[in-house]
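Accompanying notes for the structure given below.
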Amino acid sequence: MKIIANPHHREHHAAHEFFRGAQVEAFEKPARQDRIHAALSTTDWAKFIPPTSFPEAAIEAVHAPRYLRFLRTAYAEHRALGGAGDAFPAVWPIRGMRADVEPVNFAARLGLYSFDSGTPLTAGSWAAARAGADCALTGAALVAAGERAAFVLTRPPGHHAGADFFGGYCFLNNAAIAAEWLIARGQRRVAILDVDYHHGNGTQAIFYDRADVLFVSLHADPRTDYPFYLGHADETGEGAGRGFNLNLPLPQGTSPETWFEALSVALERVQAHAPETLIVSLGVDTFEADPICAFGLRTETDYPRLGRAIAALGLPTLWVMEGGYAVEAIGANVTATLSGFVAASAA
Ligand code: Q9C
Ligand code: ZN
């Protein structure tokens, strides 16, 4: 399987984030991709390739031009104003306030284009995220050209980023950018299956009123878990998209057995859509020892089973890296998943 690894990911390295009132080392850190890369390198099937450059139009097909304009220069603006270290938003336009007027003030724009204070904007955030989008597009092009599958190995992740906002460690929605590119290239139906522990609120929002891109997600119940304000079971799509959004929220402490039952429901919905390409938003923060999550998936048994279950669909598949914060196990967990997929695809 070809692996498109983001060569610029290390440029996004947050010094810290806030967790329960304290400054802690950022969970979403460069070692995540490096560990996955090292683990995949020990297999006999992983073929690493660099991304090719895609035009900005492929990003603008998903993200609002004014959001992209902001992101490109945001860190430089922060520094020019005397900002030291990473930029954290501190003010947001909540209900009843105006989001349509772009403020002049930098802090006000930082809040307009974000939804949490847990996503530090660093000197290299744009460079890393933009290169990640190229990785996703490169992977989409490979699968569209007939590859059975490809893996987009990138960070920062993407599924919490919406058309015009960042958050949840995400800036550009790599899975959505890939899906939109496939549709623009003439595919009629694409499915995005999101197995990250957290609901992919950005991906859902981007395709919520569309029938061509199905979004299906298994995740921790938003009543208890991030991103809190989206991801409930009654969110089924709107307008033309009615019936093309499926959320399967699960309680904290969900066992592998229950998780795989939900996965079966998700896979049936994906099959019914008959997509030309399946995009899997792969988060391994479902791991039993993840430091900020609470599902129970195990390295040796459950991740290979996930890979095999996806392979059994027999669909051209683009895997896109999302979350997973147990850094010492992240390489093994991703490799176990993709090895299960590769083994079952060859069989
Ligand atoms: N400050 C993904 O897995 N908040 N994003 C965690 C720690 C946000 C996770 C609390 C979690 C976002 C892609
Ligand atoms: Zn996650």
Side-chain angles (χ1 to χ4, degrees), residues 6 9 12 14-33 36 86 88-90 114-122 125 128-129 132-133 136 152-162 165-177 192-206 215 217-231 247-250 252 254 259 279-297 303 306 319-327 329-330 333-334 337:
N6 184 349
H9 81 91
H12 175 67
H16 65 260
E17 66 175 86
F18 295 97
F19 186 61
R20 295 175 185 153
Q23 274 191 19
V24 301
E25 186 194 3
F27 290 100
E28 203 294 286
K29 56 188 176 185
R32 297 179 59 250
Q33 181 171 331
I36 297 166
D86 302 336
F88 291 84
S114 66
F115 74 102
D116 67 33
S117 69
T119 309
L121 183 93
T122 78
S125 296
V152 180
L153 174 53
T154 192
R155 55 169 294 282
H159 75 152
H160 295 302
F165 56 83
F166 68 89
Y169 312 147
C170 304
F171 297 91
L172 297 178
N173 194 313
N174 302 310
I177 289 166
I192 302 176
L193 171 65
D194 191 323
V195 298
D196 186 278
Y197 177 84
H198 306 96
H199 177 250
N201 62 288
T203 315
Q204 169 172 313
I206 288 163
F215 180 70
S217 180
L218 263 73
H219 51 268
D221 193 324
R223 289 174 183 83
T224 57
D225 280 81
Y226 189 89
F228 305 118
Y229 311 112
L230 208 67
N247 283 329
L248 299 165
L250 299 162
Q252 287 187 4
T254 289
W259 192 88
I279 297 172
V280 182
S281 269
L282 176 64
V284 293
D285 39 12
T286 47
F287 179 52
E288 58 179 345
D290 193 279
I292 57 172
C293 301
F295 285 170
L297 272 60
Y303 288 112
L306 167 61
W319 295 86
V320 178
M321 193 63 210
E322 303 285 359
Y325 307 99
V327 172
I330 194 171
N333 290 339
V334 170
T337 305

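Both counts, for ligands and for their atoms, begin at 1 and track the order of listing. This is a predicted model, so every value here is computed, not measured.
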- Query: Would Cys293 count as a contact for the Zn ion (ligand 2), in the sense that one of its N, O or S atoms lies under 2.8 Å from it?
  - Reply: no
Can you report which non-hydrogen protein atom sits closest to [atom], along with the distance?
{"atom": "atom 5 (N) of ligand 1", "result": "Gly168 O, 3.0 Å"}
{"atom": "atom 6 (C) of ligand 1", "result": "Tyr169 OH, 3.7 Å"}
{"atom": "atom 3 (O) of ligand 1", "result": "Tyr325 OH, 2.6 Å"}
{"atom": "atom 1 (N) of ligand 1", "result": "Glu17 OE2, 2.6 Å"}

Should you measure from each heavy atom of [X], which atoms of ligand 1 turn up under 4.0 Å away?
{"X": "Pro157", "result": "13 (C)"}
{"X": "Phe18", "result": "1 (N)"}
{"X": "Phe19", "result": "1 (N), 7 (C)"}
{"X": "His160", "result": "2 (C), 5 (N), 9 (C), 13 (C)"}

Donor-acceptor check, side chain of [X] to backbone of [Y], threshold 3.5 angstrom: yes or no?
{"X": "His199", "Y": "Leu248", "result": "no"}
{"X": "Asp196", "Y": "Gly323", "result": "yes"}
{"X": "Asp116", "Y": "Gly168", "result": "yes"}

- Look at the rings of His16 and Phe88 and say which category their plane angle falls in: under 30° parallel, 30 to 60° tilted, over 60° perpendicular. parallel
- Query: Are His160 and Phe115 close enough, and set up right, to give a side chain to side chain contact (heavy atoms under 4.5 Å, CB included), and what steps lead you there?
  - Reply: CA-CA 10 Å; His160 295 302; Phe115 74 102; 4.1 Å; yes
What atom name does the N, O or S atom of [X] nearest to the Zn ion (ligand 2) carry?
{"X": "Asp196", "value": "OD1"}
{"X": "Asp285", "value": "OD2"}
{"X": "His198", "value": "ND1"}

Value rounded to 0.5 Å, distance of [atom1] in [X] from [atom2] in [Y]:
{"X": "His159", "Y": "His198", "atom1": "NE2", "atom2": "NE2", "answer": "7.0 Å"}
{"X": "Leu306", "Y": "Asn333", "atom1": "CG", "atom2": "CG", "answer": "10.5 Å"}
{"X": "Leu250", "Y": "Phe295", "atom1": "CG", "atom2": "CZ", "answer": "4.5 Å"}

- Task: Please work out whether any backbone atom (N, CA, C, O) or any side-chain heavy atom from C-beta onward of Asp116 is under 4.0 Å from ligand 1, and answer side chain, backbone, both or neither.
- Result: neither
- Under 4.0 Å, heavy atoms only, figure out whether ligand 1 is touched by the backbone of His159, its side chain, both or neither. side chain
- Query: Hey, does Asp285 come in under 3.5 Å of ligand 1, counting only N/O atoms on both sides?
  - Reply: yes
- Going by the side-chain contact (heavy atoms from CB on, under 4.5 Å) test, name the single residue among Asn6, Val280, Asn174, Val334 that passes it with Met321. Val334
- Any chance the rings of Tyr226 and Tyr169 have centres within less than 6.0 Å? no
